[in-house]
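This chain uses plain numbering: 1 for the first residue, then up along the sequence.
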Amino acid sequence: MSEIKSLAAPKASFDRRSVVKTAAWSVPVIAAAIAAPAAAASTPPTYSAAFIAGSGSPAVAGAPQMSGTGHQGFAVSTTGAAMTGAISVVITVQPDAAATAAGVGLAVTAAALPPSGKSSPYNFAYSRTGAGNAASNAVLKYTVTVAVTVVESATKKTVLPPMAFVATLQPITAVSLVPGTGVPVIVGTPKSVGTGPQGFKVTTTGASVMGTITVGIKVTPDAAATAAGIGLTVTASALTRTGQSAPYDFVYSRTGNGALPNSGVLTYTVTVTVSGAGAPSTDMVFNVTLRKG
């Protein structure tokens, strides 16, 4: 039977009652162990603890939603025949200056999984706390210290060396296309009519979209457009940022002196790559068509 104690206190004002859920996390394994005592007629077991690496993008409980990094959990192992006795776990969390200033805390708890032979595994659950928020490009850091004690009896306890790692929290930033409500204007002559989205926007669960946004646009014409000698250029014009959103409008221009076909359309594949402001590099691909006006 396990006794779990969790102390997660970035600041006394943070709310620690947020619901937590387990996530898979990817970081190197760090191990801490105690040395085995000198051999005796009956060698007592020794114990060690090690973090468990995970994989995938973590999901952190609490609102506004944030993403993070950290360990999946840890395991206590023994050199004995099997794990016996209770295991006490105490977890403390220390926020960095940026997290403290933002008013965003992190709670970490450990849930015992079924023991397996000589190992007793635990999963971590992470939750953001506090009513504060951070800008989209902020990365908040927390030092998490895990102290484990194996209680074999009322008079015998084995205190393992504390283990520590750095967990992070960051607002979630996403990029999405903005569909048009009508036919987009195509600049250039001879006159042509086109189809395509109005633009795109960068949004965040953070307090605001901050930082430089980089936009790259590539246009690939189809065989008919190439044969007709008609090209298409697409540029992105930044509009005014409004807190948690950074909108952009597309500007479409036809190039080349070729004649549009009397029927049918010319198709262009447009790839827009957006990065920055805390957003991962994102490719958006869509088709634009041109026809006679």
Side-chain angles (χ1 to χ4, degrees), residues 5-28 30 51 54 56-74 89-110 124-147 162-176 201-214 238-247 274-282:
K5 300 178 182 178
S6 174
L7 302 176
K11 280 291 175 182
S13 62
F14 292 158
D15 179 6
R16 300 171 177 80
R17 295 175 294 175
S18 299
V19 178
V20 295
K21 61 181 180 181
T22 303
W25 309 63
S26 178
V27 282
I30 303 173
F51 288 125
S57 299
V60 180
Q65 190 177 6
M66 304 183 83
S67 64
T69 63
H71 286 291
Q72 176 184 331
F74 69 94
V89 180
V90 177
I91 300 175
T92 57
V93 180
Q94 180 62 46
D96 69 359
T100 301
V104 179
L106 174 67
V108 183
T109 59
F124 288 137
Y126 299 80
S127 178
R128 64 149 292 163
T129 63
N133 209 347
S136 64
N137 57 351
V139 179
L140 310 180
K141 298 181 180 180
Y142 306 81
T143 300
V144 181
T145 303
V146 181
M163 304 180 293
F165 66 95
V166 175
T168 67
L169 291 181
Q170 183 174 6
I172 296 173
T173 303
V175 182
S176 60
K201 61 182 177 180
V202 178
T203 57
T204 180
T205 61
S208 59
V209 176
M210 296 293 291
T212 302
I213 297 173
T214 301
L239 305 179
T240 303
R241 296 186 183 185
T242 56
Q244 294 179 307
S245 178
V274 181
S275 62
S281 181
T282 303

Legend entry - Rounded distance [0.5 Å steps], CD in Gln244 versus NZ in Lys201: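 NZ of Lys201 is found 11.5 Å from CD of Gln244.
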Legend entry - Distance in Å, Thr92 OG1 paired with Tyr142 OH, rounded so as to fall on 0.5 Å steps: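 Between Thr92 OG1 and Tyr142 OH, I get 14.5 Å after rounding to 0.5 Å.
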Considering all heavy atoms of both residues, which atom of [X] and which atom of [Y] are nearest to each other, and what is their separation?
{"X": "Gly62", "Y": "Ser127", "value": "N-OG, 4.2 Å"}
{"X": "Met66", "Y": "Val60", "value": "O-CB, 3.4 Å"}
{"X": "Ser275", "Y": "Ser281", "value": "CB-CA, 3.9 Å"}
{"X": "Val209", "Y": "Ala246", "value": "CG1-CB, 4.0 Å"}
{"X": "Ala279", "Y": "Val175", "value": "CB-CG2, 4.4 Å"}
{"X": "Pro162", "Y": "Thr145", "value": "CB-CG2, 4.0 Å"}

With [X], which residues qualify under side-chain contact (heavy atoms from CB on, under 4.5 Å), at least two apart?
{"X": "Ala138", "answer": "Ala134, Leu140"}
{"X": "Thr242", "answer": "Ser245"}
{"X": "Ile172", "answer": "Gln65, Ser67, Thr205"}

Inset, instruction - Report yes or no: does Ser136 contribute a side-chain atom to a donor-acceptor pair with the main-chain N or O of Ala277 at less than 3.5 Å? - result: yes
Inset, instruction - Would you confirm whether Tyr126, through its side chain, and His71, through its main-chain N or O, come within 3.5 Å as a donor-acceptor pair? - result: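 Confirmed, Tyr126 side chain pairs with His71 backbone.
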Inset, instruction - Could you tell me which residues satisfy side-chain hydrogen bond (donor to acceptor under 3.5 Å, both in side chains) with Thr173, sequence neighbours excluded, listed by chain and number? - result: Thr204
Inset, instruction - Could you label the plane-to-plane angle of the Phe124 and Phe74 rings as parallel, tilted or perpendicular, counting under 30° as parallel and over 60° as perpendicular? - result: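 The rings of Phe124 and Phe74 sit tilted, inter-plane angle from 30° to 60°.
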